[in-house]
Amino acid sequence: MISNFEKYLKANAGVTDEQFKTLSEGLKLRSVKQNEFLLRTGEICRNAFFVERGLLRSYSIDKNGKEHIVQFAPENWFISDRSSAYFNEPSEYFIDAIEESSVIFLDNDFIRDATEMIPSFRKYNEYILHNHIRHLYKRINILISDSAESRYLIFVRMYPDLLLRVPQWMVASYLGIAPESLSRIRLELAKRNFKSG
C-alpha cells in the first residue's frame, strides 16, 4: 500500500489520479526491518526515501565512534543524502530504520519522469529542495547559537510525536548534547510546568 505517498503528492504537488497511476508503476515499496540500513557511509546514495510507515534516521559517526544524528524521518517525511545523489560521490552518512518501517524508494528515474510529466511536481520538488536548504541553515544557527533548552523545545515543536518513539540518547545526539544534559533539561522543564500548573 502506498496510500500515504499518493495522498501526499495529490495534496502538495498537484498530482492527479491519472498521473499518479502512471507514476506509481515505477515505485518500489519495501519493508525495512528495525536497524536495517538503507544507506551506509562510503556508498553513493541512489534513492530518496519516503516513509509510509515507521521511522528512519540519518547520522554520521566521528573518528571517536560517536554518532551525530542529522535527521529523523517519521511517516510522510522524505530522507536522503542529496549531496551524494546529486554529485555522485560517496556519502558521509548512514540511513537506517529505528522502527520496522514501510518505505518507498524513489530513484533518479522516478524524479526525472515526474518532473518532466507534471509541471506542478517540478515546482514542488524545487520547493522541497529550497525548504531543505532553509531548514539546514536554521539547524546550523540553532546548534551554534541557541541554548540546549531552546534546542530541545525546538525539537519538540518539529517532531511532536517522537519523544515516545525515540530513545533519549538519540534525541540528545540530534541536539548535540550529552544524554545527562537532556535529562536535566527535561527535569527542569517538568518542575517549571508543575509550578505554573
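Both backbone and side-chain heavy atoms feed into the values below; hydrogens, waters and symmetry mates do not. Please read all numbers here as calculations on a predicted model, not as lab measurements.
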Taking Ile44's backbone N and O only, do any of them form a donor-acceptor pair with Ser91's side chain (distance below 3.5 Å, no angle check)? no
Ignoring hydrogens and angles, tell me if any N or O in the side chain of Arg165 forms a donor-acceptor pair with the backbone of Gly54 under 3.5 Å. yes
Decide whether Arg46 and Asn88 meet the rule of one side-chain donor and one side-chain acceptor closer than 3.5 Å. yes
So CD1 of Ile95 and CZ of Arg40: to nearest 0.5 Å the spacing works out to 12.5 Å
Give a yes or no on whether Trp77 and Phe155 share a hydrophobic cluster (residues Ile, Leu, Val, Met, Phe, Trp, Tyr; joining criterion: side-chain heavy atoms under 4.5 Å apart). yes
Parallel, tilted or perpendicular: which fits the ring planes of Phe94 and Tyr59, with parallel below 30° and perpendicular above 60°? parallel
Between the CZ atom in Phe49 and the CG atom in Leu106, the distance rounded to the nearest 0.5 Å is 9.0 Å
Gln34 atom CD: more than 12 heavy-atom contacts under 6.0 Å: yes
Mind listing the closest non-hydrogen atom pair of Met170 and Phe72 along with its distance? O-CZ, 3.8 Å
Only distances under 3.5 Å count here; give the side-chain donor-acceptor pairs of residues 62-70 to other protein atoms, sequence neighbours excluded, each with its distance to 0.1 Å.
residue : atom : partner : partner atom : Å
Asp62   : OD1  : Asn64   : N            : 2.9
Asp62   : OD1  : Gly65   : N            : 3.1
Asp62   : OD1  : Lys66   : N            : 2.9
Asp62   : OD2  : His68   : NE2          : 2.8
Glu67   : OE1  : Arg57   : NH1          : 2.6

Here the gap from Arg192 atom CZ to Glu149 atom CD, rounded to the nearest 0.5 Å, amounts to 4.0 Å
Do Ile185 and Tyr159 belong together in a cluster built from hydrophobic side chains that touch within less than 4.5 Å? yes
Side-chain donor/acceptor pairs under 3.5 Å, residues 23-31, sequence neighbours excluded:
residue : atom : partner : partner atom : Å
Ser24   : OG   : Phe20   : O            : 3.1
Ser24   : OG   : Lys21   : O            : 3.0
Lys28   : NZ   : Asp107  : OD2          : 3.1
Arg30   : NH2  : Glu36   : OE2          : 2.5

Backbone of Glu89 reached by a side-chain donor or acceptor of Ser84 within 3.5 Å: yes
Derivation and outcome, side-chain contact (heavy atoms from CB on, under 4.5 Å), residues Asn4 and Phe50: CA-CA 9 Å; Asn4 286 345; Phe50 179 87; 4.2 Å; yes
Measuring from Ile133:CD1 to Leu129:CG, what's the distance to the nearest 0.5 Å? 4.5 Å
Distance from Tyr137 atom OH to Asn141 atom CG, nearest 0.5 Å? 11.5 Å
Does any N or O in the side chain of Glu99 come within less than 3.5 Å of the main-chain N or O of Pro74, such that one atom is a donor and the other an acceptor? no
Compile the donor-acceptor pairs under 3.5 Å between side chains in residues 119-128 and protein atoms, sequence neighbours left out, one pair per line.
residue : atom : partner : partner atom : Å
Ser120  : OG   : Ala13   : O            : 2.6
Arg122  : NH1  : Thr115  : O            : 3.3
Tyr124  : OH   : Tyr8    : OH           : 2.7

Set of residues satisfying side chain to side chain donor-acceptor pair (under 3.5 Å) with respect to Asn35, sequence neighbours excluded: none
Just grab all the side chain to side chain donor-acceptor pair (under 3.5 Å) pairs involving residues 9-19, residues at least two apart or on different chains. Glu6-Lys10, Lys10-Asp17, Thr16-Gln19
Set out, in order, the CA-CA distance, both residues' side-chain angles and the distance that settles side-chain contact (heavy atoms from CB on, under 4.5 Å) for Leu189 and Tyr152, then state yes or no. CA-CA 10 Å; Leu189 287 170; Tyr152 175 71; 3.6 Å; yes
Under 3.5 Å donor-acceptor, Glu52 side chain and Ile104 backbone: no
Using residues 174-184 as the side-chain source, report each donor-acceptor pair under 3.5 Å to any protein atom, sequence neighbours left out, with the distance given to one decimal.
residue : atom : partner : partner atom : Å
Ser181  : OG   : Arg184  : NH2          : 3.2
Ser183  : OG   : Gln168  : NE2          : 2.5
Ser183  : OG   : Pro179  : O            : 3.2

Quick one: SG on Cys45 to OH on Tyr93, what's the gap to the nearest 0.5 Å? 12.0 Å
Is Phe37 atom CZ crowded by more than 12 heavy atoms from other residues, nucleotides or ligands, each under 6.0 Å away? yes
So, do Leu162 and Leu55 sit near enough that their side-chain heavy atoms are less than 4.5 Å apart? yes
